[in-house]
Amino acid sequence: MVNKRNLTCLFSHYSSSPDISDYVYFYLASLKKAGFHIIFISHSAIQPAFKEKLAGIVDNSRIFIRENKGADFGAWKWALDNKLIPGPTDYLLLANDSVFGPLHDIQSIVTEMVQDEETDVWGLTDSYHPQWHLQSYFIILNRKAFTSAAFDKVFVTDFNNLVKNDIIKNGEVLLSKLLSEAGFKLKALFPYTNFDSSTDPLFAKNPTHYYWDELIKKYHFPFIKKELITHNPENLENISDVFTLIEQQTDYPSALIKNFLIRRNEASVRQEAVVRLTIICHLYYKQSIYYFLSRIAVLKSYGAKFIFNLSNHLRSDPNILHILTQSFPDSIILATPNQGRDIGGKLACINTMLQQTDPSDYTLVIHDKLSPHTPLGIAWRDQLLRVIDGKTLPLIFRKFERENKTGIIAVAEFIQNEYNPDKDNFTCTSSAHLLHYIKEYDLKVDNYNFVAGTIFWVRTEIVQQFFTAYHPLKIRASLEKGNVLDFANGTNIHAWERVFSLIAAKYNYKISGI
Amino acid sequence: MILPVFCLTDPENINTAVDVNANESLQFVFRFKGISGGSLSKTLVEKLSALHHPFCLLVEWNINTPADKDGSLDKLVNAILAVSFHYKYISYEADTPFFIFDDQSGNLTDYIGLLESAFIAQGFRGIAYLIIKNERLYVNKSSRADWTGFALLKLQNDVAKTYYDLLLSPDPFSHFLVAEAASLTELGQIGNEVAAAERDLQDNLPQTYFLLSKITGMYQNQKKDMQQLKALAEKLESAAQYMTLHKLTDNEYRKKIMGIVEFYNYEYEILPLWYKKLGHLIKVLMGKRTFKSLFNDNVKKYKT
């Protein structure tokens, strides 16, 4: 209780597994310490052991489980409809588990908010996109505000049947709009204008993403958005410093975040071992590594053998190594200089794969593609990664089984052909390099289809056959150093992006799309 | 540990190497017989791949024939390359893998250039190495130019005293330590004696211990800083590469975005509402939009 005011928190929770992560307990304990009476609404089942631990922080009678619909606004509406807010509540906090933290004690923040009698509704941050509103992960409303008609009008909406963008529009944005129009005073403790004087909705940014480090360093901001670390949707490079910043400048135990990242990479359900898989994976981009690892972790449920190649600059990051080795404890991890880009990394992995005594049926050739030189980079990556979608994988393996002439399977949109039969060359800057390789490796084939982006499944026997004849490290030695691009001039690397697919055709296999 | 300790052992011990003093300041050195012993076997490379502890190779160089007629030299070089790709392979500044060579045939230096070229071809800066001959440090091409010798630690000799005396010598940092043991258990025991010697130093001469520890810390920080510098240099080079592209395309993308915004404003937004609503109705009739969405914002709008 802050200065004898009654504080209630409606806390919305979701987990893909029936547990509660330690970072959530930490957050709840901090809320309790700050004086909040917590009503915990979960969109996922909770195993008894976790519920027991939760009961140490939240009153057992205040733990609710409901169907997974409507996200946080759905949970809050459900709590309101079921009249769960205690009668004497003076201030209502709407909160959820979309943040890690608090990085510092939040008592002083809460005190500041509830002692300001001129402000009716507080948020921590605000946003101008698509129009001004308080961001809803942490909103405190005084009694006048949360018992108002304007507040009720927002929660008339049936959020259960809305998609995410509509929940934002009809919940998060509308809440601020209607309360403002009703004459309530709304304020952000860390306003957007601290960081950007331009509030044009078209160019306004999410401050908890773009200014996450400034918020923490300069303003002692108590949270970091979970999505920023797990997904980094805007591909912000500086997120790779997150653990260093947290450990140096806050009191928060960063192990809570690391453990969460490791746990979410655990295999959910073990598949029947019908196929033996090898995953050859090159990693380069620090800022997207945690997201990428969570995507390929799905293959653990197939008992896949992982061979990772780290670009050298990653090997000195203890946080990345910790999460990688803990998430994939049986994997082989290499680290090589940036030669040949992802192709060079994959060749190093293939060299190691050839040393393994137990060959697999199929090999996934993959890397953490980002293409930062184009705004389409993330979209391309997400499309290419369809080859590892949980629902697509069984289709891929069945396709291999049924179509014995299929040597490579990739996303259909990325199967391309640049061959110009009239000139017997290729419509790419690396044509000369490619022609050289075709001659060197005797790759004169009927079909010059290749997988742009070099992410695909291949029959392991093809890889073994070719790279036993042509040593992968010799090939790697011929590739260029650094992040060379082929926009102006061709390169061996980009020629090899095509050659990688052509080796299947050399052994009379074809490329199939999904 | 104040002075670096290389724990020399045979590759057969690899499987349980991590059981011995998981302290990462103890670095393993796996003895391998080059050329005369054949190439690194598949099993050995696979075993090394499973390791998660810093290690390097001590190659007993015993090549008898100068000409590599059967390609075994090539195979050896490739196998050494493959092993050095391991993320825990000791590498100074991340791009210079470290080796210890025991030159038993006396002609190793003829082949060092060959090995270095192979590493440079793979993107490394070269290799860092020490050459030992007749149990003495013969050549030092490591990042620790101050090394002039090494002390051999064996359980049958007094490990703690040897180490303690070395720490009190005029220039302890001119030496590194090699702990030779018949088994991993013995290596563990050596590690314990080394730790005990340091505790004694801390008790007897705390100021000396403090200063020595501080210097060790500074060497480690220097190594980390050099690695960071390298990573930053690479990042800078990468950014410069992308910049050349962005200089060409930045204006192009911005123009395209503003073009789309202008098109929207001048070709659609300015149209009268009744005209737009007629358009919505046409979309419904064409099956591209749901009828209910004409009256309700909270339902599915577009048909996929």
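Residue numbers start from 1 in every chain, and the chains themselves are labelled A, B, ... in the order their sequence lines are given, proteins ahead of strands. Note that the coordinates shown come from a computational prediction; the quantities given were computed from them, not determined experimentally.
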statement: In terms of heavy-atom pairs under 4.5 Å with chain B, the winner among I333(A), N312(A), T325(A), L310(A) is I333(A)

- prompt: Which region of L314(A), side chain (C-beta onward) or backbone (N, CA, C, O), has a non-hydrogen atom less than 4.5 Å from a non-hydrogen atom of chain B, or is it both or neither?
  reply: neither

field: Contact summary for N351(A) and A82(B), nearest pair of heavy atoms
entry: ND2-CB, 3.3 Å

- prompt: Counting heavy atoms not belonging to K292(B), are there more than 12 under 6.0 Å from its NZ?
  reply: no

- prompt: More than 12 non-hydrogen atoms from neighbouring residues, nucleotides or ligands closer than 6.0 Å to CZ on F263(B), yes or no?
  reply: no

- prompt: How far apart are the C-alpha atoms of D166(A) and K301(B), what are their side-chain angles, what is the distance that settles it, and do they pass the salt bridge (Lys or Arg N to Asp or Glu O under 4.0 Å) test?
  reply: CA-CA 11 Å; D166(A) 290 337; K301(B) 199 171 178 183; over 6 Å; no

query: Is there a side-chain contact between T352(A) and F85(B), using heavy atoms and a 4.5 Å cut-off?
result: no

- prompt: When you look at CD of E480(A), are more than 12 heavy atoms from neighbouring residues, nucleotides or ligands closer to it than 6.0 Å?
  reply: yes

message: I'd like to know which of H471(A), K474(A), H313(A) tops the heavy-atom pair count under 4.5 Å against chain B.
response: H471(A)

message: Please rank R125(B), K230(B), Q122(B), H86(B) by heavy-atom pairs under 4.5 Å with chain A and give me the top one.
response: Q122(B)

Toward chain B, the part of L479(A) with a non-hydrogen atom under 4.5 Å: neither

Contact list for residues 330-350 of chain A, test ring pair (Phe, Tyr, Trp, His ring centres under 6.0 Å), sequence neighbours left out: none

- request: Return the minimal non-hydrogen interatomic distance between L473(A) and N78(B), and the atom names on each side.
  value: CD1-O, 3.9 Å

- prompt: How far apart are the closest heavy atoms of G123(B) and P337(A), and which atoms are they?
  reply: O-CB, 3.4 Å

- line: Turns out that what part of F159(A) lies under 4.5 Å from chain B's heavy atoms comes down to neither

message: Just checking N489(A): does its CG atom have more than 12 heavy atoms from other residues, nucleotides or ligands closer to it than 6.0 angstrom?
response: no

query: Looking only at heavy atoms, what is the nearest atom pair of R315(A) and Y89(B), with distance?
result: NH2-O, 2.9 Å

query: Contact part of V484(A) toward chain B, heavy-atom cut-off under 4.5 Å: side chain, backbone, both or neither?
result: both

query: About how many Å separate CG of N309(A) and OH of Y87(B), when rounded to the nearest 0.5 Å?
result: 13.5 Å

field: Under 4.5 Å from a heavy atom of chain B, the part of S331(A) involved
entry: backbone

statement: Applying a strict 4.5 Å limit to non-hydrogen atoms, the region of L162(A) in contact with chain B is side chain

Separation of M226(B) CE from S316(A) OG (nearest 0.5 Å): 13.0 Å

- prompt: Checking heavy atoms, do the side chain of K235(B), its backbone, both or neither come under 4.5 Å from chain A?
  reply: side chain

